[in-house]
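The structure appears below as structure tokens.
Lettering follows sequence order; numbering is per chain, from 1.
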There are 2 protein chains.
Amino acid sequence: MAPQSERADAARNRARVLAAADELFRTSDPRAVTMDDVARSAGVGRATLYRRYPDVGSIAAALLDEHERIVQERLMGGAPPLGPGAPPAERLAAFYAAMVELLETHLPLMLGVDAGAGRLRVGAYEFWSAHVRSLLVAGGVEEPDALVDVALAPLAPEVYQHQRHVRGLSPAEITTALARLAAGILA
Amino acid sequence: MAPQSERADAARNRARVLAAADELFRTSDPRAVTMDDVARSAGVGRATLYRRYPDVGSIAAALLDEHERIVQERLMGGAPPLGPGAPPAERLAAFYAAMVELLETHLPLMLGVDAGAGRLRVGAYEFWSAHVRSLLVAGGVEEPDALVDVALAPLAPEVYQHQRHVRGLSPAEITTALARLAAGILA
DNA sequence: AACACAAGTGGACAACACGTCCAGTTGTAC
DNA sequence: GTACAACTGGACGTGTTGTCCACTTGTGTT
């Protein structure tokens, strides 16, 4: 993760920044967190932040990274139905369920990523795209390309937040709806 | 639309602001348009803008309003399959096709709305929600609430832009994918 | 036609966030 | 212990925001 030869003070500040940012994203509006906020809260200067992160979104992405990688590894090598082995429709439903779990646990961070560059331009989105695309192909869908983004759109943090906190839906209800979507797409 | 007793100069400035904003949204990055830009480009002061519009998003929403109302009226009272009469699955597909048309024609404006308050908090979203919900109910879906936002998520301007200009997909391909989605949801 | 009032207007203002720059400091290798 | 490179922190200039207030301009009345 960190460069091989990272100075001790740099590592210390990196940890401070990440801890402070995590706190800020959780306790205040994730879309309103600024670079200034993080710098002040972490007790470091602004240039120290900009050295590694171009914007707040990338800080949120860094915090999210390890959690997303766990899901990614379970997708590629884990047990079915999330991992390989189950029918595509079931794998897609399992993927949705895993993503709802991620959204429920780390919604502030995921909203924070969106506030920056936008989730469509983030590396992880390409991974999810490739996975869903492979499921569509395995399911016999002729033109999977346009369907990929359609299938991923409901996982936008904004949408999940709206469902949870405006509509008042439960994670279980959302998961059920997405399971129905999975079945509908890969009938 | 305008208050009954709107002063002549106010009406003139309203028109100037809307024309200038429309131009700006189309010719530059819709997410980078500022209140300053619009004010300067329209030749009015900043307070004149803030009198009627709290942010750039609401200006874009005002410009979009009449175009959206046309679709809304066709949904409620137009000919099938967009209007009443056709089976729910076909009506949903027709709705998707109409929205793709709207996105294709007015993408800059719709991205501009998103840059402001966000499309989920805009009045029109509630209308689309109610319409899709009624289609789901008519189609016999037991728990339509969570599916509504799922079904509308692929219509996010961000998603459409990504499909068109990053993936290089055509409006027809996107419409086809959404038609499949409609069939899958309301099988 | 002149008046009075309310509605409308424009620019100034302070606060804030951004991204960069540079001089000083602190680790690390020799 | 010394020298170098990496790292750091705060200051700086720019641009945007939202509000405030004095002025202007329409409109209805006498």
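Mapping B/Arg40 and B/Arg12 onto DNA chain D by nearest heavy atom places B/Arg40 closer to the 5' end of the strand. DNA chain D is contacted by both A/Arg16 and B/Val56; A/Arg16 maps to the nucleotide lying nearer its 5′ end (nearest heavy atom per residue).
Here the nucleotide nearest the side chain of A/Arg46, chosen from C/dT20, C/dT9, D/dT19, is C/dT20. Distances were taken from every side-chain heavy atom of A/Asp9 (C-beta onward) to each of C/dC18, D/dC7, C/dG11; the shortest belongs to D/dC7. Of the candidates D/dG10, D/dT17, C/dC18, D/dT17 carries the atom nearest the B/Met35 side chain, counting heavy atoms from C-beta on. Of the candidates C/dG8, D/dT16, C/dC18, the closest approach to any side-chain atom of B/Asp36 belongs to D/dT16. Picking from C/dC18, D/dG9, D/dC20 the nucleotide with the shortest atom distance to the side chain of A/Ala47 gives D/dG9.
Taking the six-membered ring for Trp and thresholds of 30 and 60 degrees, A/Phe95 and A/Trp128 have ring planes inclined between 30 and 60 degrees apart.
Atom P of nucleotide D/dG18 and atom CG of B/Leu49 are separated by 11 Å, given to the nearest angstrom.
A 6.0 Å sphere centred on CD of A/Glu126 holds more than 12 heavy atoms belonging to other residues, nucleotides or ligands.
A/Ile70 and A/Leu102 are assigned to two separate hydrophobic clusters, defined by single-linkage of ILVMFWY side chains at heavy-atom distances under 4.5 Å.
Taking only side-chain nitrogens and oxygens, A/Asn13 never comes nearer than 4.0 Å to OP1 or OP2 of D/dC7. Using a 4.0 Å cut-off, some side-chain N or O of B/Arg51 falls inside it from OP1 or OP2 of C/dG8.
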Going through the distances and angles, do B/Arg16 and B/Thr48 end up as a side-chain hydrogen bond (donor to acceptor under 3.5 Å, both in side chains)? CA-CA 11 Å; B/Arg16 272 191 197 170; B/Thr48 306; over 6 Å; no
